[in-house]
S.K.: 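Attaching a single structure in structure tokens format; questions to follow.
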Amino acid sequence: MSACKRLIYLVKHRSLWTYVRRNVATWSPVGAAFNTKPHRRLDLHEKSVGLFGVPELSCPAGFQVASKKSLKNTELLVEKVCNCPPGTETVESFDQLSDGLCKVADLADFVKVAHPDPVFREAAEKTCIEIGTVVEQLNTNVELCKSLKRLLDNPDIVAQLDSDTRRVAELFMFDFEISGIHLDDNLRKEAVALHVKLLDLNNEFLVGSHMPNRIASSAIPAHLHLQFENEGSFIQIGGLHAESPDSLVREIAYRIYLYPNAELMECLEELLKCRYKLAKLVGYESYGHRALKGTMAETPGKCFSFITTEPSLYSPYLSLGACMEGLNNLFFQLYGVSLMSEHPSPGEVWSEDVRKLAVVHETEGLLGYIYCDFFHRPDKPHQDCHFTIRGGRWCQETGQYQLPVVVLMLSLPHPTKSAPTLLTPGMMENLFHEMGHAMHSMLGRTRYQHVTGTRCATDFAEVPSILMEYFATDFRVISQFARHYETGQIFYAALDQLYHDKPLDRSTTEILKETQQKFYGLPYTPNTAWQLRFSHLIGYGAKYYSYLMSRAVASMVWKQCFVQDPLNRDMGERYRREMLAHGGAKEPMLMVEGNLTCLTFFFSPNLRKDCFTFSHSSN
């Protein structure tokens with residue numbers, strides 16, 4: 001459907017949505033789509049368009065085809081970059097190089113954890129490793145770096161660059177520097193080898209952290225067997241069952257799911273050693289120092305001075321359709337954006353319960369697509385995530401904007417014939433949180449994909465998602481309040497920092513036990529290893545504090561922009577213009593400063609106290 005037709009559809013159905021807001025018994029197409037099972041089943045006789053409409057990915061072998069195509073194009077672009085005169089074209093070519101690799105790697109990164117077919121997952125995993133290895137080699141390619149250095153070392157040329165181009169050029173140079181481009185040949189090779197080893201260790205830990213544990217059925221009371229998944233003479237436990245009303249079920253799940261796995265423990269310890277060794281090799285005091293360079297926090301010391309905890313309000317049970325309806329109405333009132341449910345083409349999605357949403361602006365037309373992989377299925381990780389499949393960028397070659405494509409992955413129960421999916425307070429907040437990431441990707445309009453949407457400083461990337469949690473708890477957006485819930489994010493953030501500080505002089509479990517007692521207030525349960533389920537150690541290594549930092553920023557944005565009127569269009573437009581539109585193309589603090597009438601510097605103790613008073617009073 002063309003953007004023009006979408007706008008016509010939007011106008012034609014505006015009256016329906018107005019009626020829906022008056023009569024909650026009638027759902028709009030978006031609300032209905034998420035409250036019922038899909039009517040259309042995949043037809044095996046129809047020709048597959050390939051996952052996400054990529055023709056090569058109609059079968060697992062297509063990953064190899066897509067990878068070869070991408071790598072061949074990479075070779076051509078590397079040659080072009082190394083031979084072109086320094087200027088804007090250099091940066092554009094770097095971004096095209098990044099875009100070509102990311103479009104394959106990002107898609108594979110999602111498929112390897114979410115696709116129900118293990119053959120697809122295995123093919124995607126191989127592609128991730130192959131592309132990842134090439135990326136690490138490019139990050140230590142001396143000739144490639146020299147082409148960028150020629151540009152940045154020439155003040156006359158730099159002065160002619162626009163701010164976005166200059167920032168992206170500096171970010172690419174930063175990637176070279178933290179990868180060890182300044183080292184001699186032998187040490188550079190050692191750095192690449194460590195990067196490649198870390199790719200394998202990261203993947204091993206990530207897969208292992210989501211694997212279920214099992215115990216003999218005879219060890220569990222017979223009347224509780226139905227609460228867990230049976231596997232012959234064993235019971236398989238793949239989560240904490242925290243929502244179960246039965247305390248014995250919760251205790252069994254906790255003790256079994258968190259029971260230490262010796263191989264995974266060894267993997268984690270080797271991973272942390274390799275990260276420290278790599279950081280020291282490229283000139284940093286610790287992996288934490290390397291990871292925090294270029295963020296708002298800057299150093300591990302400032303992180304520890306900042307970390308604190310705060311309570312938040314959660315919403316009561318609501319149907320998934322009602323929540324999607326609320327998000328649709330909220331986005332329209334804030335940004336003039338509507339979510340439109342579309343039927344995917346044959347082979348476009350990996351499971352028949354995946355919903356596809358077109359994101360349409362009332363005047364700008366189609367902004368991008370969100371694939372909603374919301375429902376539980378066997379072998380799917382129990383983790384809520386936002387995946388970028390394709391980043392947005394302006395394509396000089398086509399004269400059009402490359403529309404962003406993202407996936408939101410949750411693990412919700414399926415709707416039944418008699419009832420829609422009902423969300424617990426935690427489920428609802430996670431939905432709003434992840435949709436904040438999605439809208440960051442959709443509303444951004446960056447020239448370069450290297451800085452599109454959520455590709456910004458990690459401690460800024462969580463601001464849009466956490467801000468959505470404030471909307472989820474405001475009675476004018478969600479009409480009822482639920483109970484207070486004390487978060488444990490301070491514990492997670494502190495543990496993450498300690499693991500990435502200096503070489504470990506004791507086991508990760510001993511550090512966990514001490515940190516849990518100090519920051520969480522609950523005693524450690526013997527023979528458990530929660531850190532082996534802490535999958536954020538991979539994507540957020542030394543950066544888990546970002547959730548707390550982003551909560552502080554989001555609390556200020558909420559109070560200054562939305563607390564008086566959470567549906568204010570002018571504020572929505574201002575927030576989009578100053579913070580969402582830039583992705584990572586602008587310094588995070590400058591974006592915050594541009595959106596707020598005043599700026600609190602987080603690391604002053606008194607002002608930090610004020611910052612969190614902000615948050616509490618807004619509730």
S.K.: Might you confirm whether atom CE of M211 has over 12 heavy atoms from other residues, nucleotides or ligands at distances under 6.0 Å?
M.R.: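 Open.
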S.K.: Could you give the distance from OG (S209) to CG (L264), rounded to the nearest 0.5 Å?
M.R.: 7.0 Å
S.K.: Do NZ/NE/NH1/NH2 and the carboxylate oxygens of E251 and R255 come within less than 4.0 Å?
M.R.: yes
S.K.: Indicate yes or no: does D373 engage R355 in a salt bridge with an N to O separation below 4.0 Å.
M.R.: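 Not counted as a salt bridge, because no side-chain N and carboxylate O are separated by less than 4.0 Å.
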S.K.: For a 4.5 angstrom cut-off between non-hydrogen side-chain atoms, does H536 reach Q383?
M.R.: yes
S.K.: Sort and list the pairs that fulfil salt bridge (Lys or Arg N to Asp or Glu O under 4.0 Å) and have at least one residue in residues 207-224, not counting sequence neighbours.
M.R.: R214-E231
S.K.: What I want to find out is whether E514 reaches R506 closely enough, with some N-O distance under 4.0 Å, to be called a salt bridge.
M.R.: yes
S.K.: Going by the ring-ring contact (aromatic ring centres under 6.0 Å, His included) test, name the single residue among F52, F387, F120 that passes it with W350.
M.R.: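 Only one option passes, and that is F52.
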S.K.: Within the distance-only criterion (no hydrogens, no angle test), does the side chain of Y287 pair as donor or acceptor with the backbone N or O of D501 below 3.5 angstrom?
M.R.: no
S.K.: Answer yes or no on whether K126 is positioned over the face of F63, meaning its NZ or CZ is under 6.0 Å from the six-membered ring centre and within 45° of the axis.
M.R.: no
S.K.: So E462 and R551, salt bridge (Lys or Arg N to Asp or Glu O under 4.0 Å) or not? Walk me through it.
M.R.: CA-CA 8 Å; E462 295 295 332; R551 185 174 296 280; over 6 Å; no
S.K.: Quick test of your reading: applying ring pair (Phe, Tyr, Trp, His ring centres under 6.0 Å), list the pairs with at least one residue in residues 241-277, sequence neighbours left out, ordered by first then second residue.
M.R.: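 Residue pairs passing ring pair (Phe, Tyr, Trp, His ring centres under 6.0 Å), neighbours aside: F228-H241.
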S.K.: Less than 3.5 Å apart, any donor N or O on the side chain of Y547 or H433 sitting next to an acceptor on the other?
M.R.: no
S.K.: Within the 4.5 Å heavy-atom criterion, are L423 and L431 side-chain neighbours or not?
M.R.: yes
S.K.: Going through the distances and angles, do Q497 and Y544 end up as a side chain to side chain donor-acceptor pair (under 3.5 Å)?
M.R.: CA-CA 8 Å; Q497 287 297 311; Y544 194 86; over 6 Å; no
S.K.: Checking S244 against D246 for the side chain to side chain donor-acceptor pair (under 3.5 Å) test, could you report, in this order, the C-alpha distance in whole Å, the side-chain angles of both residues, the deciding distance, and whether it holds?
M.R.: CA-CA 5 Å; S244 174; D246 191 322; 5.7 Å; no
S.K.: Do E122 and K112 sit within salt-bridge range, that is, some charged N less than 4.0 Å from a carboxylate O?
M.R.: no
S.K.: Can you measure from SG (C372) to NZ (K356) and round to the nearest 0.5 angstrom?
M.R.: 12.0 Å
S.K.: Please lay out, stage by stage, how Y540 and D496 fare under the test side chain to side chain donor-acceptor pair (under 3.5 Å).
M.R.: CA-CA 9 Å; Y540 277 68; D496 177 41; over 6 Å; no
S.K.: Using only heavy-atom distances, determine whether the side chains of E125 and N203 contain a donor-acceptor pair under 3.5 Å.
M.R.: yes
S.K.: As a quick check of understanding, evaluate side chain to side chain donor-acceptor pair (under 3.5 Å) for H195 and T133, giving each step before the final call.
M.R.: CA-CA 8 Å; H195 274 296; T133 301; over 6 Å; no
S.K.: Is it the case that Q531 and T509 place a side-chain donor and acceptor less than 3.5 Å from each other?
M.R.: yes
S.K.: Counting heavy atoms not belonging to E266, are there more than 12 under 6.0 Å from its CD?
M.R.: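 For E266, atom CD is not crowded (no more than 12 foreign heavy atoms under 6.0 Å).
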